[in-house]
A.B. asks: 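Submitted below is the structure of interest, expressed as structure tokens.
Sequence lines set the chain letters: A, B, ... in the order given, protein chains first and strands last, and positions in each chain run from 1. In this text the structure is predicted, and so the values were computed from the model without any measurement.
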Protein chains: 2
Amino acid sequence: MNVLIVEDDALHRAFLNEAVRAALPECGHVIEAENGLKGEGQARTLRVEHVVMDLQMSERNGIEAARTIWRERPDTKILFWSNYSDEAYVRGVARIVPEGATYGYVLKSASEERLKLALRSVFVESQCVIDREVRGIQQKTFGNSLGLTDVEYEILVDVALGLTDKAIAKRKHLSLRSVQNRLQQLYEKLGVYETPGQGSEGWFNLRTRAVAVALSRKVLNASAIERAERDLRQSAGV
Amino acid sequence: MNVLIVEDDALHRAFLNEAVRAALPECGHVIEAENGLKGEGQARTLRVEHVVMDLQMSERNGIEAARTIWRERPDTKILFWSNYSDEAYVRGVARIVPEGATYGYVLKSASEERLKLALRSVFVESQCVIDREVRGIQQKTFGNSLGLTDVEYEILVDVALGLTDKAIAKRKHLSLRSVQNRLQQLYEKLGVYETPGQGSEGWFNLRTRAVAVALSRKVLNASAIERAERDLRQSAGV
DNA sequence: GTCTGTCCTGCGGGAACCCGCAGATTTTGC
DNA sequence: GCAAAATCTGCGGGTTCCCGCAGGACAGAC
């Protein structure tokens with residue numbers, strides 16, 4: 001059983017390496033990669049089936065790397081080990097995990113014990129392990145009626161990219177008015193109308209305000225926007 | 001000579017502690033704080049004069065913490081130790097460093113040697129040490145004609161917050177038209193008109209597009225927007 | 001003095017936005 | 001199968017945005 005570690009921070013990488021060896025004494029090689037791109041390569045050439053991966057790396061982040069790894073071998077077991085439980089990350093992961101795949105999501109703030117436990121659970125027992133806090137975000141995101149729908153989220157991303165209503169309508173095969181309806185719901189759900197200070201009407205451009213709110217609530221983050229930007233270029237550049 | 005470490009990651013904190021002790025054998029206590037707020041408190045009550053600080057922390061980030069620390073004691077020596085050299089960070093630091101203060105900015109990717117050297121230079125020799133890469137960003141940001149002016153940057157932030165032209169005009173004591181002029185320069189400098197794909201006109205809402213571009217170029221980042229948001233609430237909520 | 005730059009400002013118009021209303025279509029629950 | 005709910009769509013308007021054009025204020029150069 002070989003394990004691939006994809007993590008850009010040297011200290012964390014060393015720590016992970018040690019943790020993996022301690023938690024899985026029966027494992028074979030432990031390979032390291034310092035960014036998503038190299039991680040993909042290693043996973044491909046060495047046919048690794050167990051991956052510990054950071055989200056938030058330069059040069060292809062964890063979500064993108066995981067997506068391509070899973071696309072090539074959907075039965076790969078991946079444990080995400082991240083600093084944050086941003087809704088954007090949670091949603092990003094949820095969008096790419098294949099049917100029936102086993103994965104885990106633990107925070108770096110968790111204890112070493114929890115990390116080791118998660119390593120064994122995911123890699124040996126093939127059990128999904130989702131950090132308590134991440135679990136909370138998941139429920140708030142998907143269960144609750146205040147959470148954004150997938151469609152709403154996609155429109156939010158398009159808006160954040162700077163697309164026009166018309167452009168979004170074309171991309172999503174909707175009428176202009178439908179896009180605007182979606183946007184209204186979005187504004188409602190994000191609470192864009194709540195103004196800081198009193199009696200301030202017309203102070204906000206709802207469209208950009210929505211992006212600002214989404215960013216500060218971590219519904220969006222920079223890496224999600226970058227990913228979307230690449231997708232856009234690809235679909236437009238053809 | 002006491003040293004305060006402000007860093008939210010436990011591993012990095014331990015590493016820093018060790019590095020400080022090694023680089024400054026003559027130093028007294030080494031105090032640790034795990035976020036900006038606690039760091040401010042420690043600096044205040046213990047009257048620390050030497051601080052090593054991460055940027056990007058929850059619960060008050062490094063820039064904000066440094067601002068209040070410097071406001072209370074402008075001769076404090078601060079070494080910023082950060083993962084990134086985002087233009088937003090560089091600009092944020094430049095805006096708060098007091099006249100004649102000594103500080104440093106080294107990246108976490110630098111070698112341990114460089115870190116120790118910087119510690120000695122800043123704390124003992126009272127010399128400013130700016131990482132090579134950060135230096136590059138500085139020059140690209142301020143020297144070059146492609147970099148944003150302070151005024152332009154402030155307007156960009158206001159736009160990113162979701163304010164209307166009119167609101168910005170009022171805040172900045174300018175006419176509506178002047179704000180729009182600034183915006184045009186901004187669009188020009190950010191290269192908002194360059195479209196991915198061919199023959200796509202009217203695809204972008206320039207305003208939100210500018211924010212997207214600024215984010216992906218790291219001219220803005222989430223923490224800069226959050227800071228601005230708090231300032232806005234404060235000035236509007238009075 | 002004049003000339004050249006840079007910045008602020010107003011005017012005007014075309015485009016994009018936000019959104020209420022109302023009818024059509026689809027989905028859902030029973 | 002049918003009614004209720006949710007979605008999609010067009011129309012029309014008020015508002016904001018984007019920006020070309022042009023006139024004024026102020027600086028420095030000659």
Side-chain angles (χ1 to χ4, degrees), chain A residues 142-195 199-214, chain B residues 142-195 199-214:
Chain A
F142 299 113
N144 202 316
S145 71
L146 284 170
L148 300 188
T149 311
D150 277 358
V151 196
E152 286 164 354
Y153 177 75
E154 283 187 20
I155 293 217
L156 174 61
V157 172
D158 280 358
V159 167
L161 281 179
L163 292 176
T164 318
D165 289 3
K166 209 193 297 180
I168 299 175
K170 204 162 286 178
R171 258 165 79 78
K172 292 285 186 304
H173 305 292
L174 287 173
S175 79
L176 193 63
R177 193 58 179 89
S178 297
V179 173
Q180 294 177 335
N181 277 338
R182 298 272 185 207
L183 276 175
Q184 274 183 265
Q185 294 174 249
L186 210 55
Y187 298 153
E188 200 75 42
K189 285 195 181 175
L190 287 173
V192 166
Y193 301 102
E194 299 153 20
T195 69
S200 39
E201 290 152 17
W203 278 75
F204 284 127
N205 174 319
L206 299 180
R207 168 169 290 251
T208 36
R209 181 63 184 164
V211 176
V213 171
Chain B
F142 300 114
N144 203 313
S145 71
L146 284 169
L148 300 189
T149 311
D150 277 357
V151 197
E152 286 164 354
Y153 177 74
E154 284 188 18
I155 294 219
L156 173 61
V157 172
D158 280 356
V159 167
L161 282 179
L163 293 176
T164 3
D165 289 2
K166 207 194 297 181
I168 299 175
K170 204 162 285 179
R171 258 164 81 79
K172 292 285 186 300
H173 305 293
L174 287 174
S175 79
L176 192 62
R177 193 59 179 87
S178 296
V179 174
Q180 295 178 335
N181 276 339
R182 298 270 183 212
L183 277 175
Q184 271 183 266
Q185 292 174 250
L186 210 54
Y187 298 152
E188 200 74 42
K189 285 195 181 175
L190 287 173
V192 166
Y193 301 104
E194 299 153 19
T195 70
S200 40
E201 289 155 17
W203 278 73
F204 284 126
N205 173 318
L206 299 180
R207 168 169 291 250
T208 37
R209 181 64 183 164
V211 177
V213 172

A.B. asks: Between the axis at one end of the helix from dG1(C)-dC30(D) to dC30(C)-dG1(D) and the axis at the other (five pairs apiece), what's the angle to 10 degrees?
C.D. replies: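 Rounded value for the end-axis angle: 40°.
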A.B. asks: Please report the distance, rounded to the nearest Å, between CD1 in I168(B) and P in dT16(D).
C.D. replies: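 It is 13 Å, rounded to the nearest whole Å.
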A.B. asks: Are the side chains of Y193(B) and L206(B) in contact, using a 4.5 Å heavy-atom criterion?
C.D. replies: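 Sidechains of Y193(B) and L206(B): in contact.
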A.B. asks: Can you tell me how far the CG atom of D165(B) sits from the CZ atom of R177(B), to the nearest 0.5 Å?
C.D. replies: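 These two atoms lie 10.0 Å from each other.
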A.B. asks: Kindly compute the distance separating OG (S178(A)) from CD1 (I155(A)), expressed to the nearest 0.5 Å.
C.D. replies: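 Going from the OG atom of S178(A) to the CD1 atom of I155(A) covers 8.5 Å.
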A.B. asks: In Å and rounded to the nearest 0.5 Å, what is the OG1 to CG distance from T208(B) to L161(A)?
C.D. replies: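 T208(B) atom OG1 to L161(A) atom CG measures 9.0 Å (nearest 0.5 Å).
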A.B. asks: Calculate, to the nearest 0.5 Å, the distance between atoms CG and OG1 belonging to L156(B) and T149(B) respectively.
C.D. replies: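 Rounded to the nearest 0.5 Å, the CG-OG1 separation comes to 11.5 Å.
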A.B. asks: Write down the distance between CG (L174(A)) and P (dG10(D)), rounded to a whole number of angstrom.
C.D. replies: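 After rounding, the gap between these two atoms is 11 Å.
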A.B. asks: Of all heavy-atom pairs between A210(B) and L190(B), which one has the smallest distance, and what is that distance?
C.D. replies: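 Smallest interatomic distance, heavy atoms only, reads O-CD1, 3.8 Å.
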A.B. asks: Before accepting this row, confirm whether a basic side-chain N of the pair K189(B)/E152(B) lies closer than 4.0 Å to the acidic partner's carboxylate O.
C.D. replies: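 Yes.
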A.B. asks: How does protein contact run along nucleotides 17-24 of chain C, one letter per nucleotide 5' to 3', with B for base contact, S for sugar-phosphate only, - for none, heavy atoms under 4.0 Å?
C.D. replies: SBBBB---
A.B. asks: Please state whether the phosphate of dC8(D), meaning OP1 or OP2, lies under 4.0 angstrom from any side-chain nitrogen or oxygen of S175(A).
C.D. replies: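 So the side-chain polar atoms of S175(A) never come under 4.0 Å of the phosphate oxygens OP1 or OP2 of dC8(D).
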A.B. asks: Taking atom CD of Q180(A) and atom NZ of K166(A), what is their separation to the nearest 0.5 Å?
C.D. replies: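 The CD atom of Q180(A) sits 11.5 Å away from the NZ atom of K166(A).
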A.B. asks: For DNA chain D, find the residues of residues 147-157 of chain A with a heavy-atom distance under 4.0 Å and give them by number; none if there aren't any.
C.D. replies: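 Of all residues in residues 147-157 of chain A, none places a heavy atom under 4.0 Å from DNA chain D.
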A.B. asks: What I'd like to find out is whether the side chain of V179(B) reaches to under 4.5 Å of the side chain of K172(B), using heavy atoms alone.
C.D. replies: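 Contact flag for V179(B)/K172(B) side chains = no.
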A.B. asks: Quick one: L186(B) CG to dC19(D) P, roughly how many Å, whole number?
C.D. replies: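 The answer, rounded to whole Å, is 12 Å.
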A.B. asks: From H173(B) NE2 over to I168(B) CD1, what is the distance, rounded to the nearest 0.5 angstrom?
C.D. replies: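 Here the rounded value is 13.5 Å.
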